[in-house]
There are 2 protein chains.
Amino acid sequence: MKIGLIGGGVIGGGWAARFLLNGHDVVMYDPDPQAPRKIDEMLENARHAYSRLTYAPLPAEGTLTYAATPEEAADGVGFVQESAPERIELKRELLGAASRVAPADVVIASSTSGLLPSMLREGMTHPERLTVGHPFNPVYLLPLVELCSPSPETVERAAALYRSIGMHPLVVRQEIDGFISDRLLEALWREALWLVNDGVATVEEVDDAIRYGPGLRWSSMGTFLLYRIAGGEAGMRHFMAQFGPALQWPWTKLTDVPELTEELLAKLAHQSDAQAGGRSVRELERERDDALVAVLQALRGARVGAGGTLADYERTLLEQATVQSDALRWETSVLPEWVDYNGHATESSYLLMTSHAADELLGAIGIDAEYLRSGGSYYTVETHICHLDEAKAGDRLVVTTQVLGADEKRIHIFVRIARDGTLLATTEQMLLHVDTNAGRATAAPPHVLERVQALVEVHSSLPWPERAGRRIGLPSGAPS
Amino acid sequence: MKIGLIGGGVIGGGWAARFLLNGHDVVMYDPDPQAPRKIDEMLENARHAYSRLTYAPLPAEGTLTYAATPEEAADGVGFVQESAPERIELKRELLGAASRVAPADVVIASSTSGLLPSMLREGMTHPERLTVGHPFNPVYLLPLVELCSPSPETVERAAALYRSIGMHPLVVRQEIDGFISDRLLEALWREALWLVNDGVATVEEVDDAIRYGPGLRWSSMGTFLLYRIAGGEAGMRHFMAQFGPALQWPWTKLTDVPELTEELLAKLAHQSDAQAGGRSVRELERERDDALVAVLQALRGARVGAGGTLADYERTLLEQATVQSDALRWETSVLPEWVDYNGHATESSYLLMTSHAADELLGAIGIDAEYLRSGGSYYTVETHICHLDEAKAGDRLVVTTQVLGADEKRIHIFVRIARDGTLLATTEQMLLHVDTNAGRATAAPPHVLERVQALVEVHSSLPWPERAGRRIGLPSGAPS
């Protein structure tokens, strides 16, 4: 479908990127002569983001062309999205122009952050096909889009298109300035401005007060569900009884609060029960915690905010850890992020477990943080994995490492991954000692070799593993 | 260090879990006879979370004992944390009792969400060692803790302890009701209550208006930095000029707003520049996007909120994708989450790329979503990886798959991963056709075998890979 876009700023450009990357052709009207350059840059960012976001094959990118007038942008397209500045007269003019060109069955959406659809539609031809379609920056990544229109058919048609490009439509059932999300954002924003205005905090401190704490929760759950959980076993009514009085305390400059009537309390409790959908507080806690753990790990990977805190913490833990006597036996659970859509642990997760087992082994022979900083390390040069059975999320696994042999540069190990005595996978690896500064293999120093040889000695009494030294091949297929 | 905890509700129990899992012994005072049961359950949740949070070795868990009085909980400990209900008289009584037992050099912290330290310290012995230490639920996972005390030494000593258990201390420099974070939360919460009270939205809709949109951003960046980015190239002053007028619009019920004086605008612009620290808007956009992509992927793994939206979107993309003629050649960038602390792609990431290449191959031979639903699939039974060189984040890699052979149940493949023609790794795999319902190997159906044989035919003209059929072993070490 060809999409007409009116307005190519941060929001309109974001729409262009989302539609184009989802294979739609786009016709853009924006009077700013800089618009093409800015949109190109935004599109470049979006391509970069999508190349990481998913392995799923995206359709071939659509084509972007520019229109000289809003009418031209609405001509012959299947959907119009307006993202002009928040000035009602300007928006009315543009929406009116588009509506006089686009046939009656073309939905016209406005990206307005908070202007009412009943005001926007004034002067439009076929005004019933107008809906608010309010996205969030960056439009090409955030799923939320708020829809608001008196016509259910218009809402449903817009929602279907938005869903097809990876978005989550939220229908705002009642016309209200700022809709739902911006009312919440605006309340927080106004309070944030007061804090800076009054010299209580800097903009950075205000931001940190969110991203190291409540912001982490908000990526997976909203305030109502979080407070229900915080209320503990007694539920939402208990939470309100406990924290309701704080509503009267001067905890914000914005002091107007609804009265906690029995009617409001009953409504909150009832809607909160519906939202929990029968999940107990313990179950909700687990869901909250699993999401938080996943988000913290994601941010650790990106080295951002709370992810940086976690990385620092882990570095400390690793530096404090003494060599464990049971370094060659390690237990773990199958993490939810290790399983595929069939619920089985992925191939990569077995290799992750092996890497961890190898790290434990290296710890046991003296390869610690200090050693790594000095420029010595063991790298894996070869790995052979055999899969024998499957593991599911939550399965408790035991990972054991056998040292098969070593010389001054190499260590040959064999790792078994088992559940309740059943072998699920084996991994054989060759590790090579390297000088990481010079980037080449070198002999390990005597104090390391000593410990390696001690392990080889101890393990020499163990039986040679059946699957060590295997090669892959079909009985017939491979040339010898 | 032994820690004295006073109050074992949701917050105190969370502190108990964080301290215990970090190896500290804990003495807990809570008059609720249900406290031990509730704390045990919370500790179980926390153990579960920590077992997934990090591979780093945690110290041996501390010991939890119960005290009959607040004095007993403060006796002989190195740090006291009070987490009683938000009633000033009760908190004063408990803090006073603890202060009469704990030596003057023991820091006493209060978890209060917003009561002023100057009020809390009344009646304490050595009141200068009191600090607010306000955590966020779940205390064992969220890093943020707000500190507020007139004594810099007290603040620094508390901050050091909190940092050592993985937290991010934020010093609130000015005594203010609600400190920083709760003022922001409270403003949003009050507006949320209005929305439900007025029937505009249900609690679930309010929550969705956060977690599918702005909440995803807040996990890595706060509002000020996000708005700076949204302002585009022109910076914070431009953003305020553009959106400042909206402060006068009725976008919240909480309408008291600071006047946008030149002084406030200059302060915002100056502090925002400091926060950006010289990063351009394009750089900040990339940082924001990288964090968002990582968070969305994390939530997809946990199948929560926006992660569910992404999973649905990917399913649609996969189902729409037609078999690509270039299925056996695939390009990718090294994602930031694939690299280790040395900046190199991890072993697992090579296997991930291989899995993806194998998935593309399976797509090309007709193993699509429909086929998988019908209960047929190919599983990897054996993998052999050779590492030849390293890849860094952002490197553009080409992954090619060669089919070495096949029979009615098996496909033998060889995958090469290269950068600019330099081979970084090779992966050899044996794939086995299975009936996933019966859980056993079966012959693939004729329409699949036909395509497999066509590929074997095409690839039979390629040279046999040098590293195919390798076994791992030391020249001397392995028995034959």
Side-chain angles (χ1 to χ4, degrees), chain A residues 49 52 56-57 136 141 143-144 166 168 174 177-178 180-181 186-188 191 197 200 202-204 207 209-210 212-213 215-216 218-220 222 224 250-252 254 258 271 275 289 291-294 298 301-302 304 306 309 313-314 317 321 337 348 351-352 383-385 405 469 471 474 477, chain B residues 49 52 56-57 136 141 143-144 166 168 174 177-178 180-181 186-188 191 197 200-204 207 209-210 212-213 215-216 218-220 222 224 250-252 254 258 271 275 289 291-294 298 301-302 304 306 309 313-314 317 321 337 348 351 383-385 405 469 471 474 477:
Chain A
R52 297 159 181 237
F136 293 78
L141 279 179
L144 186 65
H168 180 87
Q174 184 177 319
D177 299 283
I180 301 170
S181 191
E186 192 74 13
L188 186 144
E191 185 65 28
N197 183 73
V200 173
T202 64
V203 302
E204 183 154 18
D207 280 2
I210 293 298
Y212 285 97
L216 296 164
W218 277 332
S219 61
S220 62
F224 280 109
W251 280 10
T252 141
L254 317 169
Q271 292 184 355
Q275 183 180 29
D289 289 1
L292 280 173
V293 165
V304 175
T309 309
Y313 172 59
E314 290 188 312
L317 287 174
E337 60 270 32
S348 320
L351 192 50
L352 267 178
T383 299
H384 192 107
I385 309 173
R471 40 171 121 225
L474 288 168
Chain B
R52 297 158 182 238
F136 293 78
L141 279 178
L144 186 65
H168 180 85
Q174 183 177 320
D177 300 282
I180 302 170
S181 191
E186 191 74 11
L188 186 144
E191 185 64 28
N197 182 72
V200 173
T202 64
V203 302
E204 182 153 18
D207 280 2
I210 294 298
Y212 286 98
L216 295 163
W218 278 330
S219 60
S220 61
F224 280 110
W251 280 10
T252 140
L254 317 168
Q271 291 184 355
Q275 182 180 29
D289 290 0
L292 280 173
V293 165
V304 175
T309 309
Y313 172 60
E314 290 187 313
L317 287 174
E337 61 269 30
S348 320
L351 192 49
T383 299
H384 191 107
I385 310 173
R471 39 171 121 224
L474 288 167

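Computed from a predicted structure; not experimentally measured. First the proteins, then the strands, lettered A, B, ... as listed; each starts at 1.
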Looking at residues at least two apart in the chain, or sitting in another chain, which of them share a side-chain hydrogen bond (donor to acceptor under 3.5 Å, both in side chains) with A/N197?
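In terms of side-chain hydrogen bond (donor to acceptor under 3.5 Å, both in side chains), with neighbours along the sequence ignored, A/N197 is linked to no residue.
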The criterion is side-chain hydrogen bond (donor to acceptor under 3.5 Å, both in side chains); which residues satisfy it with B/T383, sequence neighbours excluded?
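Only B/Q429 meet the side-chain hydrogen bond (donor to acceptor under 3.5 Å, both in side chains) criterion with B/T383.
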Relative to chain B, which of A/A291, A/A49, A/G469, A/A294 shows the most heavy atom pairs under 4.5 Å?
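That would be A/G469.
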Heavy atoms only: give me the nearest B/P143-A/T309 pair and the separation to one decimal.
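Minimum heavy-atom contact is CB-CG2, 4.0 Å.
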To check you understand the geometry: which heavy-atom pair defines the closest contact between A/A209 and B/I180, and what is its length?
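Reported closest heavy-atom pair: CB-CG2, 3.6 Å.
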Between B/V304 and chain A, with a heavy-atom cut-off of 4.5 Å, which part of the residue counts as in contact: side chain, backbone, both or neither?
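For B/V304, the contact with chain A is made by the side chain alone.
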Could you check whether the rings of B/H384 and A/H384 sit parallel, tilted or perpendicular, using 30° and 60° as the cut-offs?
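B/H384 vs A/H384 ring planes: perpendicular.
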Sort A/V203 into side chain, backbone, both or neither according to what part of it lies under 4.5 angstrom from a heavy atom of chain B.
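Contact with chain B involves both backbone and side-chain atoms of A/V203.
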Go through the atoms of A/L292 and report whether side chain, backbone, both or neither lie under 4.5 Å from a heavy atom of chain B.
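It is the side chain, since no backbone atom gets that close.
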So, do A/L216 and B/L141 sit near enough that their side-chain heavy atoms are less than 4.5 Å apart?
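In short, these two side chains do not touch, never coming nearer than 4.5 Å.
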Taking atom OG of B/S219 and atom OH of A/Y212, what is their separation to the nearest 0.5 Å?
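Those atoms lie 12.5 Å apart.
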